[in-house]
Student: 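Please read through the structure below; I'll follow up with questions.
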Amino acid sequence: MVDEEAGPSPEQLRLLREKARFIRLETIRLIEIAKVGHYSSVFSCAEIFASLYYDVLSMRRGEPAWEDRDRFLMGKGHAAVGLFPILADHGFIPRELLDGYTRLGSPLGDHPDMTKVPGIDFSSGSIGHALSNGAGMAMGGRMRKAPFNVFVMLGDGEMQEGQVWEAALFAAHHKLSRLIAIVDRNGYQLDGKVDDVIGVESLRDKWTAFGWQVHEVDGHDLHALTRLLRRLKADTQRTGPACVIARTVKGKGVTFMETEPGWHLGYLAPGDAQLAIDEIMTREI
C-alpha cells in the first residue's frame, strides 16, 4: 500500500535508485547499438522516469491498453532511449525488441512513435506539442469520467515554444486538475545554455501567472520528488493543473558529461563507455 502523503520507504527508495541506475545503463547499451544518441538528456531525467514508472503512475503490468492507466507524454522526445527499457521492464514491449533499437524495421526510433510502440501515449519530437495533447487527454478523461491522470514532462528549452503557453492557458482556464506538468530544468538545450538562447526565468512566476499550482524540487532527490508527485496525484482538492519544476543536472551520474554540454548528442568510445558504466555502478546520487 502506497502512502500518498509520505515519501518512499527505505525499501522503495532502494528500488527507485536501482531503477534510475538501470535506466542510465540501458541508455548506454542502446546508444551503442545506434552509435549516436542523447545520453545527457536521459540522465537528467532518470530519477523522474524512475519515480513515475516505478511508484507514481497507475499501470498494470503487460497491459498498455488498460483504459484507466495514467498517461505520460514527453515533450523532450529525444529522451525516448531511456523510456523504452522501462516499457520492456513493465511487459509493454518484448525485451528482445531493445536489441534492434533504431535498426531498419525496428519500431524503436530516436523519438517515440505511439502508432508503433505500446505504452507510448504521444509521438513527440517536434518540441512544444506535448502539453497541448496532454491537456486534451485530461479534458477527454474528465468528459468520460475516467479516473486517469496525465503527466507531461517538458524540457526547459521547450519553455521557449509559444504553444506551451497556449496550452498552459487552456489547461488553467478549463481547470484540468488531473494534469501535472514536470519541467526538466537542467539548464541546457542543443544550442547551449537555455537562458543564453532565450531566457525563461522566472519559471515559477510564469507558471503561477498562467494559473497553475507550482512546486519546485530537486529532480534527483528521489525521496522528495516521489513524495511530491504522490501528493499531487492524490490531491482531490486542487481545482486546476499543477507544474513541478524539477531542478536537475544534464548528464547527471557521469562526471565528464555533467561538465560538457556537448553530450546532448554524442557517442561514447568503448573506453569512455566503460568509465561511464563504472561510475554509474558505484556512484550514489
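All values reported here derive from a predicted model rather than from experimental measurement.
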Student: Does Glu32 reach the side chain of Tyr267, with side-chain heavy atoms less than 4.5 Å apart?
Tutor: yes

Student: Does any N or O in the side chain of Tyr53 come within less than 3.5 Å of the main-chain N or O of Asp89, such that one atom is a donor and the other an acceptor?
Tutor: no

Student: Cut-off 3.5 Å, side chains only: do Glu158 and Gln189 have a donor facing an acceptor?
Tutor: no

Student: Checking Trp212 side chain against Ala168 main chain: does a donor-acceptor pair fall under 3.5 Å?
Tutor: yes

Student: For Phe148, is the NZ or CZ atom of Arg69 found under 6.0 angstrom from the centre of its six-membered ring and inside 45 degrees of the ring axis?
Tutor: no

Student: Who passes ring-ring contact (aromatic ring centres under 6.0 Å, His included) against Trp165, sequence neighbours left out?
Tutor: Trp207, Phe210

Student: If the threshold is 4.0 Å, N to carboxylate O, is there a salt bridge linking Lys19 and Glu26?
Tutor: no

Student: With a 4.5 Å limit on heavy-atom distance, are the side chains of Arg21 and Leu25 in contact?
Tutor: yes

Student: Determine whether a donor-acceptor pair (N or O, by modelled atom type, separation under 3.5 Å) exists between the side chain of Ser124 and the backbone of Met74.
Tutor: yes

Student: Quick check: do Val183 and Cys243 have side-chain heavy atoms less than 4.5 Å from each other?
Tutor: yes

Student: In terms of heavy-atom contacts, does CD of Glu11 have more than 12 from other residues, nucleotides or ligands at under 6.0 Å?
Tutor: yes

Student: Decide yes or no on side-chain contact (heavy atoms from CB on, under 4.5 Å) for Val217 and Arg247, but give the supporting numbers first.
Tutor: CA-CA 6 Å; Val217 69; Arg247 301 286 175 176; over 6 Å; no

Student: Under a 3.5 Å cutoff, is there a donor and acceptor pairing between the side chains of Asn186 and Thr248?
Tutor: no

Student: Taking Glu18 for its side chain and Leu15 for its backbone only, find out whether a donor-acceptor pair lies under 3.5 Å.
Tutor: no

Student: Could you go through the side-chain contact (heavy atoms from CB on, under 4.5 Å) check for Arg60 and His90 one step at a time?
Tutor: CA-CA 8 Å; Arg60 291 177 178 171; His90 281 289; over 6 Å; no

Student: Report yes if some heavy atom in the side chain of Arg142 is under 4.5 Å from a heavy atom in the side chain of Arg178; otherwise report no.
Tutor: no

Student: Is any side-chain heavy atom of Ile120 closer than 4.5 Å to one of Asp113?
Tutor: no

Student: Check whether any side-chain heavy atom of Asp184 lies under 4.5 Å from a side-chain heavy atom of Lys76, and answer yes or no.
Tutor: yes

Student: When you measure from the side chain of Arg71 to the backbone N and O of Asp121, does any donor-acceptor pair fall under 3.5 Å?
Tutor: no

Student: Counting C-beta onward and ignoring hydrogens, is there a side-chain heavy-atom pair between Val42 and Arg24 closer than 4.5 Å?
Tutor: no

Student: Who passes ring-ring contact (aromatic ring centres under 6.0 Å, His included) against Phe151, sequence neighbours left out?
Tutor: none

Student: Any side-chain donor paired with an acceptor under 3.5 Å for Ser126 and His129?
Tutor: yes

Student: Report yes or no: does Ser44 contribute a side-chain atom to a donor-acceptor pair with the main-chain N or O of Ser41 at less than 3.5 Å?
Tutor: yes

Student: Counting distance only, does the side-chain N/O of Thr226 pair as donor-acceptor with the main-chain N or O of Leu222 below 3.5 Å?
Tutor: yes

Student: Is it true that the side chains of Glu279 and Thr255 contain a donor and an acceptor less than 3.5 Å apart?
Tutor: yes

Student: For Ala146, is there any backbone N or O sitting under 3.5 Å from a side-chain donor or acceptor partner on Arg144?
Tutor: no

Student: Under 3.5 Å, is there a donor-acceptor pair linking the side chains of Ser58 and Lys233?
Tutor: yes

Student: Counting N and O atoms only, with roles assigned by atom type, does the side chain of Gln160 sit under 3.5 Å from a partner on the main chain of Ile198, one being a donor and the other an acceptor?
Tutor: yes

Student: For a 4.5 angstrom cut-off between non-hydrogen side-chain atoms, does Arg29 reach Asp99?
Tutor: yes

Student: Where the side chain of Glu63 meets the backbone of Ala65, is there a donor-acceptor pair that is under 3.5 Å apart?
Tutor: no

